[in-house]
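Here is the structure we will look at, set down as structure tokens.
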Amino acid sequence: MTEAWEPDDDDDQRPRGASGPVRVRVPAKVNLHLGVGPLRRDGYHELNTVYHAISIHDELTARRGDTLALTMEGEGAGALALDDTNLVIRAAHALAAYAGVPAHARLHLRKQIPLAGGLAGGSADAAATLVACDALWGTGLSRDELAGIAAGLGSDVPFLIHGGTALGTGRGEAVSPVLARPTSWYWVVALADGGLSTPAAYAELDRLRAAGAAGPPLGSTDALLAALRQRDPRVLAATLGNDLQDAALAMRPSLAATLKAGEAAGALAGIVSGSGPTCVFLAADAADAERIAAELDAAGVCREARVAHGPVAGARIG
Ligand code: ATP
């Protein structure tokens, strides 16, 4: 923890922090491997996952203010509450409490990551808020300290501070970077109408498993990690997997048609992202991704198909 901020009436005399706006971009995540283990006593499932940050970004701008206020535009505007339930507000309070500073800021969120889409948009916004307010308030925490606060806000939040490609264990909050060759992978991201609830998807998986109706669990990440060390998207394609996919398909049967259309369009592989309903497809290269996205749009099997690449950095100023 750093020395506490001391109140000062004169802005220019403040010991540290930014006087102007701080703008932070934060990516969406997909899970290249989402292995769901048994339900723990604390209500979470034990996870063995490989996170991957992709180039669909939310942007959070933080300015000095006398209270804490949030405005937003873009995906989910009008539907998402901007009160204390919003992960942006929760993250600002968590950082302020940790650092012993007043939670005063005017925050504006520009959202491109869909709500409840399985791309961890809310977690991304929480990560962006921690990085932005740390700079605005001059609290000067290390990335590891920020990741520690992040873990209290949600399982995916620490990863979105770091970005890149990383292994997630525990309930997903214990993150370690994956050493991979510096390669860009090209993805087509098929956004769906409406969201799916993450807790409902886990409950559905528990139900399917109890009924013996779920597929076999994914197991180790070894094959995927080995594939990431090569540059061949075909090798990577064969190792993608998501234990929550059966649950998402049971809750949203129309996703089967989306996955089928992506494969018919030439995607090397398609999976449901996280708890869905977004589907992601691995393409051979950037041009192929553009072509597959256009075909998915024309087939009418998703709200919108976007091209993205990964891995990209986590929450960053600029
Ligand atoms: P994950 O992939 O981590 O399961 P998701 O992408 O399916 O998450 P999110 O968009 O992160 O879903 O949001 C899940 C829920 O969190 C939303 O339905 C909303 O009620 C709540 N929420 C709170 N703050 C935010 C925020 N800033 N952006 C999005 N959702 C938020």
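Keep in mind the model is a prediction, meaning the values are calculated, not measured. Order of listing sets the numbers, starting from 1, for every ligand and every atom in it.
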Salt-bridged, Lys260 to Glu263, with N to O below 4.0 Å?
no
Could you tell me whether Asp243 and Arg209 make a salt bridge, using a distance below 4.0 angstrom between a side-chain N and a carboxylate O?
yes
Please check whether [X] reaches ligand 1 - meaning an N/O of the residue sits under 3.5 Å from an N/O of the ligand, judged on distance alone.
| X | result |
| --- | --- |
| Gly122 | yes |
| Leu109 | no |
| Gly276 | no |

Considering Ala120, Gly274, Ala81, Ala28, which one's heavy-atom position lies nearest to atom 2 (O) of ligand 1?
Ala120
Winner among Pro277, Pro199, Ala116, Ala91 once heavy atoms are compared against atom 14 (C) of ligand 1:
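It is Ala116 whose heavy atom sits nearest to atom 14 (C) of ligand 1.
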Tell me, please: is [X] in heavy-atom contact with ligand 1, that is, under 4.0 Å?
| X | value |
| --- | --- |
| Arg90 | no |
| Pro114 | yes |
| Met72 | no |

Starting at CG of Leu136, measure out to CG of Leu95 and round the result to the nearest 0.5 Å.
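Leu136 CG to Leu95 CG: 10.0 Å, rounded to 0.5 Å.
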among protein heavy atoms, the one nearest atom 24 (N) of ligand 1 is Leu87 N, 2.9 Å
